Amino acid sequence: QVQLVESGGGLVQPGGSLRLSCAASGFTFRTYHMSWYRQAPGKERELVATISTTGHTSDDADSMKGRFTISRDNAKNMVYLQMNSLKPEDTAVYYCNACPTDVCPGEYDYWGQGTQVTVSS
(Lines give C-alpha, C1' and ligand atoms only; values in the text may rest on other atoms or scores of the structure.)
Protein backbone atom coordinates (compact mmCIF):
# COMPACT_ATOMS: atom_id res chain seq x y z
CA GLN A 1 0.00 0.00 0.00
CA VAL A 2 1.44 3.29 -1.12
CA GLN A 3 1.53 6.05 1.46
CA LEU A 4 2.87 9.57 1.57
CA VAL A 5 2.37 11.07 5.00
CA GLU A 6 3.21 14.73 5.57
CA SER A 7 3.90 16.25 8.95
CA GLY A 8 5.38 19.37 10.47
CA GLY A 9 2.79 21.93 9.51
CA GLY A 10 1.25 24.38 11.91
CA LEU A 11 0.90 27.99 12.89
CA VAL A 12 4.00 30.16 12.74
CA GLN A 13 4.62 33.89 12.96
CA PRO A 14 5.91 35.85 9.98
CA GLY A 15 9.66 35.48 9.74
CA GLY A 16 9.58 32.09 11.41
CA SER A 17 10.60 28.67 10.15
CA LEU A 18 9.05 25.28 9.72
CA ARG A 19 10.36 21.95 8.51
CA LEU A 20 7.90 19.73 6.71
CA SER A 21 8.50 16.00 6.46
CA CYS A 22 7.03 13.40 4.16
CA ALA A 23 7.31 9.71 4.96
CA ALA A 24 7.00 7.45 1.95
CA SER A 25 6.20 3.76 1.86
CA GLY A 26 4.90 1.11 -0.49
CA PHE A 27 6.99 2.00 -3.53
CA THR A 28 10.65 2.23 -4.54
CA PHE A 29 11.30 5.68 -3.17
CA ARG A 30 14.75 6.21 -4.67
CA THR A 31 13.36 5.86 -8.20
CA TYR A 32 10.85 8.68 -7.81
CA HIS A 33 11.34 12.40 -8.19
CA MET A 34 9.91 14.04 -5.10
CA SER A 35 8.21 17.39 -4.92
CA TRP A 36 6.33 19.68 -2.64
CA TYR A 37 3.28 21.50 -3.92
CA ARG A 38 1.01 23.91 -2.14
CA GLN A 39 -2.49 25.21 -2.55
CA ALA A 40 -3.88 28.28 -0.88
CA PRO A 41 -7.63 28.89 -0.52
CA GLY A 42 -9.11 30.04 -3.79
CA LYS A 43 -5.87 29.52 -5.68
CA GLU A 44 -4.51 26.84 -7.95
CA ARG A 45 -1.99 24.30 -6.77
CA GLU A 46 1.56 25.44 -7.38
CA LEU A 47 4.88 23.68 -7.39
CA VAL A 48 7.14 24.63 -4.51
CA ALA A 49 10.27 22.57 -5.12
CA THR A 50 11.46 19.32 -6.67
CA ILE A 51 14.32 16.99 -5.90
CA SER A 52 15.22 14.43 -8.52
CA THR A 53 16.25 10.82 -8.05
CA THR A 54 19.86 12.01 -8.31
CA GLY A 55 19.44 14.79 -5.77
CA HIS A 56 19.19 17.69 -8.19
CA THR A 57 16.92 20.36 -6.77
CA SER A 58 14.84 23.03 -8.41
CA ASP A 59 12.85 25.84 -6.86
CA ASP A 60 10.33 26.91 -9.41
CA ALA A 61 8.82 29.98 -7.85
CA ASP A 62 10.81 33.19 -7.47
CA SER A 63 8.81 33.99 -4.37
CA MET A 64 10.28 30.96 -2.59
CA LYS A 65 13.84 30.93 -3.86
CA GLY A 66 16.39 31.38 -1.15
CA ARG A 67 13.83 30.68 1.55
CA PHE A 68 12.76 27.07 0.92
CA THR A 69 15.05 24.06 0.64
CA ILE A 70 14.03 20.58 -0.37
CA SER A 71 16.04 17.51 0.59
CA ARG A 72 15.64 13.76 0.66
CA ASP A 73 16.98 10.78 2.57
CA ASN A 74 16.71 7.66 0.45
CA ALA A 75 17.80 5.47 3.35
CA LYS A 76 14.81 6.61 5.37
CA ASN A 77 12.35 7.12 2.49
CA MET A 78 11.88 10.71 3.59
CA VAL A 79 11.65 14.05 1.86
CA TYR A 80 11.83 17.36 3.67
CA LEU A 81 11.02 21.00 3.05
CA GLN A 82 12.84 23.53 5.17
CA MET A 83 10.97 26.82 5.08
CA ASN A 84 12.59 29.97 6.43
CA SER A 85 11.56 33.61 6.57
CA LEU A 86 7.93 32.61 6.22
CA LYS A 87 5.42 35.15 4.98
CA PRO A 88 1.64 35.29 5.32
CA GLU A 89 1.37 34.53 1.61
CA ASP A 90 3.02 31.17 2.27
CA THR A 91 -0.15 30.08 4.05
CA ALA A 92 -1.45 26.99 2.25
CA VAL A 93 -1.89 23.26 2.41
CA TYR A 94 1.41 21.66 1.45
CA TYR A 95 1.39 18.36 -0.40
CA CYS A 96 4.08 15.78 -0.94
CA ASN A 97 4.28 14.30 -4.43
CA ALA A 98 6.11 11.29 -5.85
CA CYS A 99 6.58 11.19 -9.61
CA PRO A 100 8.08 8.19 -11.44
CA THR A 101 8.65 9.87 -14.80
CA ASP A 102 10.32 13.02 -16.05
CA VAL A 103 6.94 14.57 -16.79
CA CYS A 104 5.67 15.74 -13.45
CA PRO A 105 3.07 15.93 -12.20
CA GLY A 106 1.73 12.99 -14.11
CA GLU A 107 -0.90 10.29 -14.12
CA TYR A 108 1.26 7.81 -12.21
CA ASP A 109 2.06 10.14 -9.34
CA TYR A 110 1.35 9.54 -5.68
CA TRP A 111 0.11 12.31 -3.42
CA GLY A 112 -0.03 12.83 0.31
CA GLN A 113 -3.03 14.12 2.18
CA GLY A 114 -1.45 17.50 2.87
CA THR A 115 -0.39 19.46 5.90
CA GLN A 116 -1.64 22.94 6.74
CA VAL A 117 0.84 25.77 7.12
CA THR A 118 -0.49 29.04 8.49
CA VAL A 119 1.71 32.10 8.76
CA SER A 120 0.10 34.73 10.92
CA SER A 121 0.84 37.02 13.81
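Bear in mind the structure is a predicted one, so any value in this text is a computation, not a measurement. All residue numbers in this chain count up from 1 along the given sequence.
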With M34, the side chain to side chain contact (heavy atoms under 4.5 Å, CB included) member among L4, T53, N77, L81: L4

Donor-acceptor pair, side chain of E6 and main chain of C96, under 3.5 angstrom: yes

S21 and M78: CA distance, side-chain angles, deciding distance, side-chain contact (heavy atoms from CB on, under 4.5 Å) verdict: CA-CA 7 Å; S21 299; M78 297 288 295; 3.8 Å; yes

From CA spacing to verdict: side-chain contact (heavy atoms from CB on, under 4.5 Å), T101, C99: CA-CA 6 Å; T101 72; C99 178; 4.0 Å; yes

Atom pair CG/CZ of D73 and F29 - distance to nearest 0.5 Å: 8.0 Å

Backbone N/O of Q13 and side chain of S121: donor-acceptor pair under 3.5 Å: no

Residue pair S85 / S17: nearest heavy atoms and the distance that separates them: N-OG, 4.3 Å

Contact check, side chains of F27 and P100, non-hydrogen atoms, under 4.5 Å: no

Co-membership, hydrophobic cluster, residues V2 and V79, 4.5 Å side-chain: yes

Positive for side chain to side chain contact (heavy atoms under 4.5 Å, CB included) with M83, one of D90, L20, T69: L20

Main-chain N/O of H33 paired to R72 side chain as donor or acceptor, under 3.5 Å: no

Spatial distance of atom CG (L47) from atom SG (C104) [nearest 0.5 Å]: 9.5 Å

Lys/Arg cation over aromatic F68: R38, 6.0 Å, 45° cone: no

Closest non-hydrogen atom pair between S120 and P14, with its separation: C-CD, 3.6 Å

Which atom of V5 lies closest to which atom of Q113, heavy atoms considered: CA-OE1, 3.8 Å

Minimum heavy-atom distance between P105 and Y37, given as atom pair plus value: CD-OH, 3.1 Å

Gap separating the OG1 atom of T50 from the NE2 atom of H56, nearest 0.5 angstrom: 9.0 Å

Heavy-atom closest contact (Q39 atom, R45 atom, distance): NE2-N, 3.8 Å

Cluster check L18, Y80: I/L/V/M/F/W/Y, side chain < 4.5 angstrom: no

Geometric class of the Y95/W111 ring pair [parallel <30°, tilted 30-60°, perpendicular >60°]: perpendicular

S35 side chain to N97 backbone, donor-acceptor under 3.5 Å: no

